[in-house]
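Below: one structure, written as structure tokens.
Model, not experiment: these values are computed from the prediction. Residue numbering restarts at 1 for every chain, and letters A, B, ... go by the order of the sequence lines.
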Number of protein chains: 2
Amino acid sequence: MSLRYALLALLRVGPMTGYDLQKQFSQSVGHVWHAPDSQIYPELRRLEADGLLRAEEQPRGERAKRRLYHVTDAGDAAFREWIAAPLEYQRVKDQAHLKAAYLEAGTDDNARAFFERHRAQWQGELEQWERELARIVSLEHPMLQRRLAVTAAADRERTIAFKRHTYEGLVRRARAEIAWAEEGLRMLDG
Amino acid sequence: MSLRYALLALLRVGPMTGYDLQKQFSQSVGHVWHAPDSQIYPELRRLEADGLLRAEEQPRGERAKRRLYHVTDAGDAAFREWIAAPLEYQRVKDQAHLKAAYLEAGTDDNARAFFERHRAQWQGELEQWERELARIVSLEHPMLQRRLAVTAAADRERTIAFKRHTYEGLVRRARAEIAWAEEGLRMLDG
DNA sequence: AATTGCATGTAACAGGTTACATGATTGC
DNA sequence: GCAATCATGTAACCTGTTACATGCAATT
């Protein structure tokens, strides 16, 4: 159910095609929420059917078309409702910690490989998030720039603060995961 | 796909019924992986069909029956394979951070409620995990005791170390989430 | 006799993944 | 002419959630 709000969040800064959105999902927002194209196009149709989006069909060259999606008033209202609604936390489902709890069933080398992989995985996430964070703080972030362009002057600082805090949280999490993996490696060596 | 390995992990310490497993999923392992009964019973049947479990049907009183599940050799092998296989990390899907990135669309009070709820949520998880951790360190944990009873003496320390490290990681994560929420609250007040 | 605990499932639906499938346009 | 990019979907499947549904056994 979050996909539709992620889509609305992106479209609220300006109209985009499914293709544009797809790219965003493999870049900026994709660091927090990812979706494949096969999920995006049907969901856009559903949002349109629900009246939260309006599609503007544009010709593209001679034969082709593209659908530019706009957020409707109802869409904006739905987004604000989602923001105001309390988040439903679901039970923890954590593959990495599930496996970590049973590493004694394998060899030490196996456990070592597990922790090294975990560290590498989160190292990669950390780098992405740090890059995003730097672009937010320096105001170079393209989606943030578009966002600020359609935001009242009084709200701009606030907008930046929330994005910054979000990514600081992600960076913090990545560092915690790396520290945990390194602790695991020390445990195996010590 | 992790549910079956969580079930195998539990059954490897000794035979249990679906009901027993269900209780474990709302307690010990449930802190890392949760599953409702409606998912457990069919999955046990599937594991049986795949030859990873063997069901021992026992009479219960006059009319009733119960099915005690045992891990077969194939089941044990499958579990070890899972432990040895590299973990497939999936893309991040994080509702809390997704919403946090767009809190400027709501009021400050709304954002405050969001962070307070986030803190309370993780405070609850933290307490559960700290309790588990204490029971692991003091060797009072019932599943760990059963585990150690069927573990070669040489491997007991290792087994404890992995469980302890896992829960230390969860505790660390909960603390990080709480710190992030509190940072958010300070941001709103400052 | 009533309550609590033991015990086992089905059905419908939502959400998400992977694979498959196609074709036009633009820039080199 | 070719490659990269733009553009849009369908189909099958898996996983997981929520709601529904039942009934015996042991204890008080």
Side-chain angles (χ1 to χ4, degrees), chain A residues 1-7 10-11 15-27 29-30 32-50 53 55-69 82 87-95 98, chain B residues 1-7 10-11 15-27 29-30 32-50 53 55-69 82 87-95 98:
Chain A
M1 215 46 194
S2 290
L3 174 59
R4 57 171 39 197
Y5 299 107
L7 290 169
L10 286 172
L11 289 171
M16 278 187 255
T17 65
Y19 184 78
D20 294 331
L21 287 160
Q22 200 203 117
K23 275 193 303 177
Q24 290 302 319
F25 272 96
S26 32
Q27 295 167 32
V29 217
V32 183
W33 198 271
H34 175 259
D37 47 347
S38 67
Q39 210 189 344
I40 292 172
Y41 289 108
E43 187 63 33
L44 287 170
R45 291 284 182 168
R46 241 169 281 141
L47 281 160
E48 192 189 355
D50 293 346
L53 294 182
E56 178 191 350
E57 279 212 338
Q58 288 186 336
R60 213 185 117 230
E62 290 295 290
R63 264 176 294 272
K65 282 188 291 184
R66 56 187 225 142
R67 295 168 65 81
L68 251 190
Y69 287 97
W82 174 71
L87 182 61
E88 299 288 336
Y89 287 86
Q90 52 260 77
R91 309 288 297 252
V92 173
K93 292 234 160 133
D94 185 329
Q95 281 188 82
L98 174 62
Chain B
M1 214 44 193
S2 290
L3 173 59
R4 56 172 39 198
Y5 299 106
L7 290 169
L10 286 172
L11 289 171
M16 278 187 256
T17 65
Y19 185 78
D20 294 331
L21 287 160
Q22 202 201 114
K23 275 192 302 175
Q24 290 302 320
F25 272 98
S26 31
Q27 296 166 31
V29 218
V32 184
W33 197 270
H34 175 259
D37 46 348
S38 67
Q39 210 190 343
I40 293 173
Y41 290 107
E43 187 63 33
L44 287 170
R45 291 284 181 167
R46 240 169 281 142
L47 282 159
E48 193 189 355
D50 293 346
L53 294 182
E56 178 191 351
E57 279 211 340
Q58 288 187 332
R60 214 185 119 229
E62 291 294 289
R63 265 177 292 273
K65 284 187 290 186
R66 56 187 223 143
R67 296 170 65 81
L68 252 190
Y69 287 98
W82 175 70
L87 181 61
E88 299 289 336
Y89 287 86
Q90 50 267 73
R91 307 289 296 249
V92 173
K93 292 233 159 133
D94 185 329
Q95 283 188 80
L98 173 62

A/Y19 vs A/Q22, side-chain contact (heavy atoms from CB on, under 4.5 Å): CA-CA, chis, key distance, verdict: CA-CA 5 Å; A/Y19 184 78; A/Q22 200 203 117; 4.0 Å; yes

Worked check of side-chain contact (heavy atoms from CB on, under 4.5 Å) between A/L21 and A/V29: CA-CA 10 Å; A/L21 287 160; A/V29 217; over 6 Å; no

Trace of the side-chain contact (heavy atoms from CB on, under 4.5 Å) decision for A/L7 with A/F25: CA-CA 9 Å; A/L7 290 169; A/F25 272 96; 3.4 Å; yes

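In this structure, the CG atom of A/D94 is 13 Å from the P atom of D/dG16, given to the nearest Å. Rounded to an integer number of Å, the gap from CD of A/Q95 to P of C/dT17 is 12 Å. Protein atom OH of A/Y89 is 17 Å distant from nucleotide atom P of D/dT17, rounded to whole Å. Rounded to whole Å, the distance from CD1 on B/I40 to C1' on D/dT18 is 15 Å. A straight line from CG of A/L3 to C1' of C/dG16 spans 9 Å, rounded to a whole angstrom. Rounded to an integer number of Å, the gap from CD of A/E43 to P of C/dG16 is 9 Å. Between the CZ atom of B/R91 and the P atom of C/dT17 there is a distance of 10 Å, rounded to whole Å. Rounded to an integer number of Å, the gap from CZ of B/F25 to P of D/dT17 is 11 Å.
Taking CZ from B/R45 and CZ from B/R67, the interatomic distance works out to 3.5 Å, rounded to the nearest 0.5 Å. Here the CG atom belonging to A/L3 is positioned 10.5 Å from the NE2 atom belonging to A/H34, to the nearest 0.5 angstrom. Summarising the geometry, atom CD belonging to A/Q95 is positioned 11.0 Å from atom NZ belonging to A/K93; distances are rounded to the nearest 0.5 Å. How far CG of B/L10 is from OH of B/Y5: 15.0 Å, rounded to the nearest 0.5 Å. Separating the CG atom in B/L44 from the CZ atom in B/R4 is a distance of 10.0 Å, to the nearest 0.5 Å.
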Please tabulate the protein-to-nucleotide N/O contacts below 3.5 Å involving nucleotides 12-14 of chain C, giving atom names and distances.
none

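Across D/dG16, C/dA24, D/dA25, the shortest atom-to-atom separation from the side chain of B/R63 is found for D/dA25.
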Nucleotides 3-9 of chain D: protein proximity per nucleotide (B base, S sugar-phosphate only, - neither; heavy atom, under 4.0 Å): --SBBBB

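Both A/P36 and A/A64 sit near DNA chain C, but only A/P36 has its closest nucleotide nearer the 5' end.
When the shell of 6.0 Å around CD of A/E57 is examined, it contains more than 12 heavy atoms from other residues, nucleotides or ligands.
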